[in-house]
Number of protein chains: 2
Amino acid sequence: MKAKTSTLEYALAGLLAPKAQSGYDLRKTFATTAMRHYSDSPGSIYPALRRLEARGWIAPDAGNDSDDGHQRENARRRQVFALTREGRDGLTAWLMLPITRDDVALRLAEIMLRFAFMDGNVPRAATLVFLERFEREMDGYTRELRANLETMRAKLPLHTGVLAFEAGIHAMEAQLAWARQARARLLEDTR
Amino acid sequence: MKAKTSTLEYALAGLLAPKAQSGYDLRKTFATTAMRHYSDSPGSIYPALRRLEARGWIAPDAGNDSDDGHQRENARRRQVFALTREGRDGLTAWLMLPITRDDVALRLAEIMLRFAFMDGNVPRAATLVFLERFEREMDGYTRELRANLETMRAKLPLHTGVLAFEAGIHAMEAQLAWARQARARLLEDTR
DNA sequence: GTGCACATGTAATGTGTTACATGATTAT
DNA sequence: ATAATCATGTAACACATTACATGTGCAC
């Protein structure tokens, strides 16, 4: 049994959560929306779907047209997948994982993907806790980085390496500011 | 002959540009500095170094201690690599590549790595041109994203998906602001 | 019924991750 | 001499990319 689920697999599960879709639909989503940097190539998506199916996270959609799901003898026809109960549980568990320092330092993109999928899959309260913890870790991490920056500056002249490091810090601080604002808006929306 | 050079290989070449180092030195740099999310595992670095050596981009350092470079019979001893002329040319060519819209949209991390390595490897003027072009593409891209955001907002309610998209835009705009400021500082430093 | 867009499959390749193994060097 | 640290090597595995192959349905 394989323990780990790849980010791509979670992305697929997350997209299937609101509605059943075919591999082709998913590819188009990856190709045309904000999720552009996930694969979109058939060589990654179809195998990933088969892995999810083998694990029981997704299944051919029952409520689907002419010859029903379980009977796709000789394929090459549009095949719609739905998230199963197990798949939904797996997705939710991932969404509920506590945020660590390493998550914000090393895996920001994955963290943001998780946030994007929260609506509809976890209670609003969990989303707010997520943001709180995100703010805490981001705040700590950006402080760490700023301290390192001062050390670097003391040793080196003005240097593109130092400037690039600064760019990273700026981007992180922008995300932090966004998080505070987002939490305020969600709180207001919840009341 | 293999055409493509991986980002990790460029990262290694860039680190070897200012001074010759061993694989272990490079790993420590990856493990402890701002370059944290590059591998740092022996299973990625040593093979990458051998690929670079096979391609003639790096070579055992000549100006190195007791038994000189070309004679590393039974190894398992510290082995220092230096960037060759060819390696330097390859690195420079990569640094000078024009920035495209897809670079800023899909490969920002690589772009920033290139920027970090510019000092000492390309003329200051090239760095300034790089930033100009970066600003232009980032400006265009963030405008594109903002337009999409309005479309999304018109259709959907307040939604973590939309908020996550906003976070990405904020981060990009912060990078853009940084670029303008960085260019101004470099200009001043150049005068 | 021919051509094109839709839809899926898959083999070859390269690379990163993990986990382990093992040879040198240094300190005690 | 032994242990710890330094330093490199490598095998198993999973995955993404590329490029190609193939089937399906609709428009004309």
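Throughout, a chain's letter reflects where its sequence line sits, starting with A, and its residues are numbered from 1. Worth knowing before you read on, the calculation uses all heavy atoms, side chains too, and leaves out hydrogens, waters and symmetry mates.
- The CD-P distance, from A/E9 to D/dA14, rounds to 11 Å in whole Å.
- One can place NZ of B/K4 at 8 Å from C1' of D/dT17, the figure rounded to the nearest angstrom.
- Rounding to whole angstrom units, CD of residue A/Q79 and P of D/dT22 are separated by 20 Å.
- The six-membered or imidazole ring of B/F165 lies away from that of A/W178, with a centre-to-centre distance of 6.0 Å or more.
- When distances are taken from the side chain of A/R51 to each of D/dC15, C/dA7, C/dG9, the shortest belongs to D/dC15.
- In this structure, CZ of B/R107 is placed 15 Å from C1' of D/dA16, rounded to the nearest angstrom.
- Look at B/S6 and you'll find a side-chain N or O under 4.0 angstrom from OP1 or OP2 of C/dG16.
- Side-chain atoms of A/S44 lie closest to D/dA16 of the nucleotides C/dG16, C/dT10, D/dA16.
- Contact annotation: B/Y46 does not reach the phosphate of D/dG9 (side-chain N/O to OP1 or OP2, under 4.0 Å).
- With sequence neighbours excluded, no residue forms a side chain to side chain donor-acceptor pair (under 3.5 Å) with A/R133.
- Proximity of residues 13-24 of chain A to DNA chain C (heavy atom under 4.0 angstrom from any strand atom) is restricted to A/S22, A/G23, A/Y24.
- Remark: A/W94 engages A/E110 in a side chain to side chain donor-acceptor pair (under 3.5 Å) (not counting sequence neighbours).
- Where A/T7 and A/P42 each meet DNA chain D at their nearest nucleotide, the meeting point lying more 5' is that of A/T7.
- As judged by a 4.0 angstrom heavy-atom cut-off over every strand, B/I45 is placed among residues making no nucleic acid contact.
- One interatomic measurement links the two molecules: CG of B/D61 to P of D/dA7, which rounds to 15 Å at whole-angstrom precision.
- Among residues two or more places apart in sequence or in another chain, the side chain to side chain donor-acceptor pair (under 3.5 Å) test is passed with A/R27 by none.
- For A/D89, the salt bridge (charged side-chain N to carboxylate O under 4.0 Å, His left out) partners at least two apart in sequence or on another chain are A/R85.
- For the salt bridge (charged side-chain N to carboxylate O under 4.0 Å, His left out) condition, the pairs that include at least one residue of residues 112-130 of chain A, sequence neighbours left out, are A/D119-A/R124, A/R124-A/D189.
- In this structure, A/R50 atom CZ and C/dG9 atom C1' are separated by 7 Å, rounded to whole Å.
- Close to C/dT25, at under 4.0 Å from its OP1 or OP2, lies a side-chain N or O of B/R77.
- Atom CG in B/L106 sits roughly 15 Å away from atom P in D/dA16 (whole-Å rounding).
- Within 4.0 Å (heavy atoms only), A/S41 reaches at least one base atom of the nucleic acid.
- Across every non-hydrogen atom of B/L12 and B/A48, the tightest pair is CD1-CB, 3.6 Å.
- B/L49 places its CG atom 12 Å from the C1' atom of D/dG9, with the value rounded to the nearest Å.
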